Amino acid sequence: MALASALLQVMIEAVRRTARPIMRDFGEVSQLQVSRKGPGDFVTAADVKAEQTLFELLIKARPGYGFLGEERGLVEGTDKTHTWIVDPIDGTTNFMHAMPHFAITVALERTHPDSSAEIVAGVTYNPILNEMFWAEKGKGCYLNDTRIRVAGRKDLSESLIATGLPFIGKTGHAQAIKDLHAMGQRVAGIRRLGSAALDFAWVAAGRYDAYYERNLKPWDVAAGLLFVTEAGGVVTTIDGEGEARSGASILAANADLHPQLKRVLNG
């Protein structure tokens, strides 16, 4: 793969190996749709199994690194300066309904001596389309072997925007509807496809012009933050305060659209 460092090769190989059983499991999900019990327990088991595979492969490749995963939380390593951040199946609800829009995503966070931290490498893989998005700090963002850039649109009225919506048991429903109402009056279209990791990747590739969402987690956003910035875009929190790495709120776009969207979302 063009320009991929030894570090990225480790990440890419781990993700590809994790994808193989996930693809087999995905083939079973459509059969489970018609059962009375449904695929819920099966998908939960697939998610846990995928994270275990990533954990074993990444820790073997870089002993001592910490690990933060959706399923197991934080596992501290002896190396306090590096942490893997992992979502084994981002878009689990899509996966559960046999929808082919989900991804395996891995990022590496580095903490500096002044306690500041940044994402230095990321990989997001859609195994259905065999699309591997990857980036390393300062080296650009790639889709398979092709370098990608954010779209160049400057007019909101011509822009296609991605977002997410809270589901049952989540907070923020009223705010999400308010955001949709404000955004829908100003843009060409809004899409909600159900995978934050792929929303970021598609902004980096210019398929979406921007992406915003509230109430996410670090593993939802880690790789994507790097993708968009390495593809020439801008990522901040929606109100501009705090760290986007937390996932509490994010706004990703090109430099022309970002301030316009920020004004819309902040009323």
Side-chain angles (χ1 to χ4, degrees), residues 1-23 46-91 102-111 117-148 195-205 217-231 235 245 247:
M1 186 166 286
L3 305 177
S5 67
L7 171 65
L8 276 167
Q9 291 287 1
V10 164
M11 299 167 72
I12 289 166
E13 177 62 19
V15 164
R16 286 197 183 278
R17 288 179 63 179
T18 302
R20 293 168 194 156
I22 286 177
M23 289 292 284
D47 211 17
V48 171
K49 181 173 62 178
E51 185 169 304
Q52 179 63 27
T53 300
L54 286 170
F55 178 79
E56 291 173 0
L57 292 172
L58 294 170
I59 296 303
K60 180 180 179 181
R62 293 293 189 275
Y65 282 18
F67 185 96
L68 176 62
E70 182 179 23
E71 300 299 330
R72 71 181 62 211
L74 178 63
V75 179
E76 291 191 353
T78 55
D79 181 342
K80 305 301 183 184
T81 63
H82 292 91
T83 303
W84 298 113
I85 303 176
V86 168
D87 192 341
I89 304 177
D90 184 75
F102 60 90
I104 307 161
T105 184
V106 176
L108 181 63
E109 181 181 78
R110 179 173 295 152
T111 302
E118 63 178 345
I119 305 301
V120 295
V123 171
T124 292
Y125 183 49
N126 179 345
I128 302 297
L129 298 180
N130 192 29
E131 289 190 335
M132 182 75 70
F133 298 88
W134 54 281
E136 195 165 10
K137 182 75 174 179
K139 298 182 180 180
C141 186
Y142 291 80
L143 167 52
N144 295 332
D145 290 323
T146 302
R147 189 163 184 171
I148 55 177
S195 168
L198 289 175
D199 288 340
F200 272 112
W202 284 22
V203 171
K217 297 294 184 182
W219 46 81
D220 296 315
V221 306
L225 298 174
L226 183 63
F227 293 164
V228 174
T229 54
E230 287 295 318
V235 187
R245 287 184 297 110

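Along the sequence shown, residues are numbered consecutively beginning with 1. Being a predicted model, the structure only gives us computed values, none of them experimental.
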Are F200 and T124 packed together at the side-chain level, in the sense that at least one heavy-atom pair is separated by less than 4.5 angstrom?
no
A121 and L7 have their tightest heavy-atom pair at CB-CD2, 3.9 Å
Show the nearest heavy-atom pair for residues A50 and T18, with the distance to one decimal.
O-CG2, 3.6 Å
Identify the two heavy atoms, one from M11 and one from A107, that lie closest to each other, and give their separation to 0.1 Å.
CE-CA, 4.1 Å
Taking C-beta and beyond as the side chain, do I59 and W84 meet within less than 4.5 Å on heavy atoms?
yes
May I have the step-by-step check of side chain to side chain donor-acceptor pair (under 3.5 Å) for E56 and Q52, ending in yes or no?
CA-CA 6 Å; E56 291 173 0; Q52 179 63 27; 2.7 Å; yes
Locate the shortest heavy-atom distance separating Y125 from A19; write the atom from each residue and the value.
CE2-CB, 3.7 Å
Are any non-hydrogen side-chain atoms of V15 and M132 less than 4.5 angstrom apart?
yes
Using 30° and 60° as the class boundaries, would you call the ring planes of W134 and Y142 parallel, tilted or perpendicular?
parallel
Could you check whether any side-chain heavy atom of F133 comes within less than 4.5 Å of a side-chain heavy atom of I148, counting everything from C-beta outward?
yes
Can you tell me how far CD of E131 sits from CG of L143, rounded to the nearest 0.5 angstrom?
5.0 Å
Without swapping roles, check the side chain of D90 against the backbone of A196 for a donor-acceptor pair under 3.5 Å.
yes
Please name the pair of heavy atoms, one in V10 and one in A61, separated by the smallest distance, quoted to 0.1 Å.
CG1-CB, 3.4 Å
So does A4 get a backbone contact from the side chain of E136, meaning a donor-acceptor N/O pair under 3.5 Å?
no
Compare all side-chain heavy atoms of R110 with those of K137 and state whether any distance is below 4.5 angstrom.
no
Here the pair of heavy atoms bringing E230 nearest to G138 is OE2-N, 2.7 Å
Report the distance from atom OG1 of T53 to atom CG of L58, rounding to the nearest 0.5 Å.
10.5 Å
Straight-line distance of I104 CD1 to R17 CZ, nearest 0.5 Å:
12.5 Å
Do the ring planes of Y65 and H82 sit parallel (below 30°), tilted (30 to 60°) or perpendicular (above 60°)?
parallel
Are T111 and K80 close enough that some pair of their side-chain heavy atoms sits under 4.5 Å apart?
no
Are the side chains of L57 and E13 in touch, meaning some heavy atoms are under 4.5 Å apart?
no
CD of E51 to CG of L54, rounded to nearest 0.5 Å, is 7.5 Å
To the nearest 0.5 Å, how far apart are CZ in F102 and CG in D87?
12.0 Å
Look up atom NZ in K217 and atom CD1 in I85, then write down how far apart they are to the nearest 0.5 Å.
13.5 Å
4.5 Å side-chain heavy-atom contact, L68 and W219:
yes
